[in-house]
> 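Mind having a look at this structure? Questions to follow.
The figures that follow rest on heavy atoms only: side chains count, while hydrogens, waters and symmetry mates do not. Order of the sequence lines sets the chain letters (A, B, ...), proteins ahead of strands, with each chain counted from 1. Nothing here was measured: the structure is a model prediction, and the numbers come from that model.
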Amino acid sequence: MIEVRDLCKTYRVHQRPEGLAAALRSLVHRRYDEVHAVSDLCFRIADGERVGFLGPNGAGKTTTLKMLSGLLHPTRGTLAVDGFTPQRRDEAFLKRVTLVMGQKQQLLWDLPPVETFALNRAVYGIPRAEFDRTLTELTDLLQAGGLVGKPARQLSLGERMKCELIAALLHQPRVLFLDEPTIGLDVSMQATVRGFIRAYNERTGATVLLTSHYMEDVAALCPRVIVIDKGRLLYDGELRALVQRVRPFKRLSIRFAEPPAPEVLARVGEVLSLEGLAAQVRVRGTDVKDAVRDLLGTLAVADLTVEDPPLDEVMRDLFDGNTAARGAA
Amino acid sequence: MLRALRAYPTLLRVGIADMIAYRTEFLIWALTTNMPLVMLAVWNAAVDDGPVGRFGRPQFIAYYLITMIVRLLVSNWVVWEITMSIRHGTLATRLMRPLHPLWAWSAEQLAAVPMRLVLVAPVVVALVHAAGSELTRDPALLAIFALSLVGAWLVQFFLMVALGLASFWIESSFGLFEVWMGVNAVLGGYLVPLELLPEWLRSSTGWLPFRFLLSFPVETAMGLHPVDVALGDLGIQWAYVAVSAAATLALWRAGLRRFAAFGG
């Protein structure tokens, strides 16, 4: 469905120091730096996959998504999305994909979303019966029936994102490029959007490539992740395997019935915190079974949960490790 | 092309709805098209001592009121729209739709015409009342006038799109637009009827595009030229339609490769 080979994108960026003298100098002589936003990126995504596209700010995620959706021309390399070369912007290609950007909107600001939907129906040439059916399905899934008649500017951020998603999916695209679709939304709305994307993917078999800084989005939606940093591929594979590779530890959260003996806790693993009757202990994944048996056998445990390390921490470790490796090199 | 034409009525309908939402700003903007009235006041005083060339008081009244009408009908703000969408990256949302943005921009600008007609109506009434005798009654010239209005709209649209697309290469097109407006005011006949310009300046207006955006329709409505001359000018105007459309499409293709889709 999506194939990316040796993809590169280089921007030419005007550089100027601060101050009036520098401003005047830049009138006659401009200095440009080349910024390699994406370098030799390769990956493939199969039909119907949900893939998280991760990386720190400036990693090249959005640039890659924009190349995949045909907005940017690659400097080098090849791209194919559903058999099309995106930058050619064939009509058939544009009818098969959608790009949702959490920080951009396609809704007409002063008009109710229904007007944007009508515009999209005309532009995408959606037959009336199909349009009505899809619109009903999407508004039901997002519980957005009461919103579509209000001017877009009077909708809350979350309500607007619901309507953005409807506008983006009315033509039933086969490929969804989602760039921070939950940015700025509250926790409940994030969950709604995540549920909706998952339902759409499962119902239609559409391929989803998602960038998000909210790791809950990725954990809930994407069995596979592609991680890039400074435009280069760092990891491509299962999310679970990434977590095990970067942070091969589990976190035990324990509540005791009576104060525990600190030396027993220390024997089990690294004590992250111990406050009163509550403790957190970090244990290597392979040692979890023994640690739990030890704790239950020797201490008065009232409650115990085993958790993966937070994905945010995994990512931080991954990027810090990458930075350190580059520094060493 | 066929689907764009099928979508066009919806684009126009939504554009009109959007225009109605912006009606107050639109009316305030329309009031800025008052320069012809200022110039009319100036020339009205000047002709106390007798006509200037072929222009006496009735001719000046007709000229500036028709200028106002043509200006209201053919001008557009697409250069702002395009410049801002390139600078802020919002062009991306248009590019994701399977419809060339030129269609959408043209519909948005055409959607303003019905509301502009509301403003034009009282000016037409004033024109007929004050200087109706200066309007041509020749059916051939009236037909050429109608076509010249369409031609003027199209040339103005394509040239303003081309100016806006310059934002692919430079930071902003607004400076270019200001220069254009200054030159256009003189060489397009907005300030002074072209035949009253000094010969050295007037001679350049025959082939430059400015005259065909404003003065040519006005001259035709006043019957200042015989039909054969007006027809020749109409041919030049429509050649400008073709050239400006081709140049705009070429600029679009070249510029799109430079689009950085900034923001987000």
> Considering only heavy atoms, which portion of Asp90(A) lies under 4.5 Å from any heavy atom of chain B: side chain, backbone, both, or neither?
neither

> Find the one option among Leu111(A), Val97(A), Leu65(A), Asn120(A) whose heavy-atom pairs under 4.5 Å with chain B are most numerous.
Leu111(A)

> Examine whether an atom of Glu180(A) lies under 4.5 Å from a heavy atom of chain B, and if so say whether it belongs to the side chain, the backbone or both; otherwise answer neither.
neither

> Ignoring hydrogens, what is the shortest heavy-atom contact between Pro98(B) and Glu91(A)? Give both atom names and the distance.
CB-CG, 3.7 Å

> Which heavy atom in Met96(B) sits nearest to a heavy atom in Thr98(A), and how many Å separate them?
CE-C, 4.4 Å

> Considering residues at least two apart in sequence or located in another chain, which fulfil the side-chain hydrogen bond (donor to acceptor under 3.5 Å, both in side chains) criterion with Glu81(B)?
Arg94(B)

> Using non-hydrogen atoms only, which part of Leu99(A) is less than 4.5 Å away from chain B: side chain, backbone, both, or neither?
both

> If the contact rule is any heavy atom under 4.5 Å from chain A, which residues of residues 6-13 of chain B qualify, in numerical order?
Ala7(B), Thr10(B), Leu11(B), Arg13(B)

> Any pair with a residue in residues 142-163 of chain B that passes salt bridge (charged side-chain N to carboxylate O under 4.0 Å, His left out), sequence neighbours left out, goes on the list, sorted by first then second residue, please.
none

> What residues of residues 155-168 of chain B sit under 4.5 Å from chain A when only non-hydrogen atoms are counted?
none

> Among Glu115(A), Gln87(A), Arg121(A), who wins on heavy-atom pairs under 4.5 Å with chain B?
Glu115(A)

> Look at Gln105(A), Gln106(A), His171(A) and state which one has the largest set of heavy-atom pairs under 4.5 Å with chain B.
Gln106(A)

> Please identify which of these residues, Leu95(B), Leu91(B), Thr93(B), Leu256(B), meets the side-chain contact (heavy atoms from CB on, under 4.5 Å) condition with Leu71(A).
Leu95(B)

> Find the distance between OH (Tyr124(A)) and CZ (Arg97(B)) and round it off to the nearest 0.5 Å.
6.5 Å

